[in-house]
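One-based numbering along the sequence shown.
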Amino acid sequence: MAQYKMLKDGDRVLLGLSGGKDSLALLVVLKHIQRHAPVKFELAACTIDPEIPGFDPSPLKAWVEKLGVPYFYESEDLVALANAHMKGDSFCSFCARHKRGKLYTVCRREGYNVLALAQHLDDLAESFIMSAFNAGELRTMKAHYLNNEKDVRIIRPLVRVRENQTREFAKTANLPVIPDNCPACYSKPQDRAYFKELLLAQEQRNAHLYANLWRAMQLLIADDNHEGEAALHEVNDD
């Protein structure tokens, strides 16, 4: 987080809390940093309920309340939206974009200028390989950047963390991971699962694979706007 200057005094940070191991782990980490870091910032969380059968994130409400973190809960039928509007895209990508849009809306409505997302190094590596294979482009997720509207900074504090680390942390800390975090993903076409398995298989042959990918992605992970001065969005009282 220091490397990419993710936090500044006075920031109001909203975490996208899906109920999966990664976002739960990140909330605990940010809560710890809030107590001990010299940088003073506010912290809240928001869950977007996709209204998918078999996935109920509502138990998160009581857990977040115990942490003393302000919490927002939004619902939207993302499967219905995907069936109506998705064209030539994976459901995961479609869902992620719409969730991001809802999180931006909550940031603006509630006056949060930073959106924290819990993607980790495995996610970045998968995006990098998928982009190269499928689009002929070198792209991946950025660690810290300013959105197109220039009113919300997006940070990904777990960009150097492996997925097995968040899994082990969630287990050791007894975090309330929502089972089948997104069961729709298992019934919709998705490339990410294929590339995840591909990379993990390659890691069996090369123990330094993810360290090498981290170095290879540096210019893509960084961003000219990572020190962008995104101001608090002015809240409309109407």
Taking CD in E51 as the centre, count heavy atoms belonging to other residues, nucleotides or ligands within less than 6.0 Å. Is the count above 12? yes

May I ask you to check whether R215 and N212 show a side-chain donor-acceptor distance below 3.5 Å?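 Yes, a side-chain donor-acceptor pair sits under 3.5 Å.
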
Find the distance between [atom1] ([X]) and [atom2] ([Y]) and round it off to the nearest 0.5 Å.
| X | Y | atom1 | atom2 | answer |
| --- | --- | --- | --- | --- |
| I129 | N134 | CD1 | CG | 10.5 Å |
| Y145 | R156 | OH | CZ | 4.5 Å |
| K142 | L117 | NZ | CG | 14.5 Å |
| H144 | L7 | NE2 | CG | 8.0 Å |
| D123 | M141 | CG | CE | 5.0 Å |
| T47 | Y71 | OG1 | OH | 2.5 Å |

Over all atoms of both residues, closest heavy-atom pair of [X] and [Y]:
| X | Y | result |
| --- | --- | --- |
| F72 | A44 | CE1-CB, 4.0 Å |
| A45 | V69 | N-CG1, 3.8 Å |
| I48 | K102 | CD1-CB, 3.6 Å |
| A116 | L15 | O-CD1, 3.3 Å |
| D56 | S58 | OD1-OG, 2.6 Å |
| G16 | S23 | O-CB, 3.5 Å |

Below 4.5 Å, heavy atoms only, C-beta onward: do [X] and [Y] meet side chain to side chain?
| X | Y | value |
| --- | --- | --- |
| L199 | L209 | yes |
| M6 | D11 | no |
| L121 | L213 | no |
| L60 | Y73 | no |
| L115 | N147 | no |
| Q119 | L158 | no |
| Y104 | D151 | no |

Do any side-chain atoms of residues 25-39 form donor-acceptor pairs under 3.5 angstrom with protein atoms, and if so which ones, sequence neighbours left out?
{"unit_1": "K31", "atom_1": "NZ", "unit_2": "L67", "atom_2": "O", "d": "3.4"}
{"unit_1": "Q34", "atom_1": "NE2", "unit_2": "F41", "atom_2": "O", "d": "2.9"}

Between E163 and K21, does a side chain to side chain contact (heavy atoms under 4.5 Å, CB included) hold up when you go through it step by step? CA-CA 9 Å; E163 183 175 14; K21 63 189 185 313; 3.0 Å; yes

CA sep, side-chain torsions, deciding dist, call: Y112, V106, side chain to side chain contact (heavy atoms under 4.5 Å, CB included): CA-CA 8 Å; Y112 289 86; V106 175; 5.8 Å; no

Under 3.5 Å, side chain of [X] to main-chain N/O of [Y], donor-acceptor pair present?
| X | Y | answer |
| --- | --- | --- |
| S131 | E137 | yes |
| R12 | E110 | yes |
| D122 | R162 | no |

Residues two or more places apart in sequence or in another chain: which of them pass side-chain hydrogen bond (donor to acceptor under 3.5 Å, both in side chains) with E126?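 Counting only residues at least two positions away or on another chain, E126 forms a side-chain hydrogen bond (donor to acceptor under 3.5 Å, both in side chains) with R192, K196.
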
Distance-only check: which donor-acceptor pairs under 3.5 Å involve side-chain atoms of residues 169-178, not counting sequence neighbours?
{"unit_1": "T172", "atom_1": "OG1", "unit_2": "E168", "atom_2": "O", "d": "2.9"}
{"unit_1": "T172", "atom_1": "OG1", "unit_2": "E168", "atom_2": "OE2", "d": "3.4"}

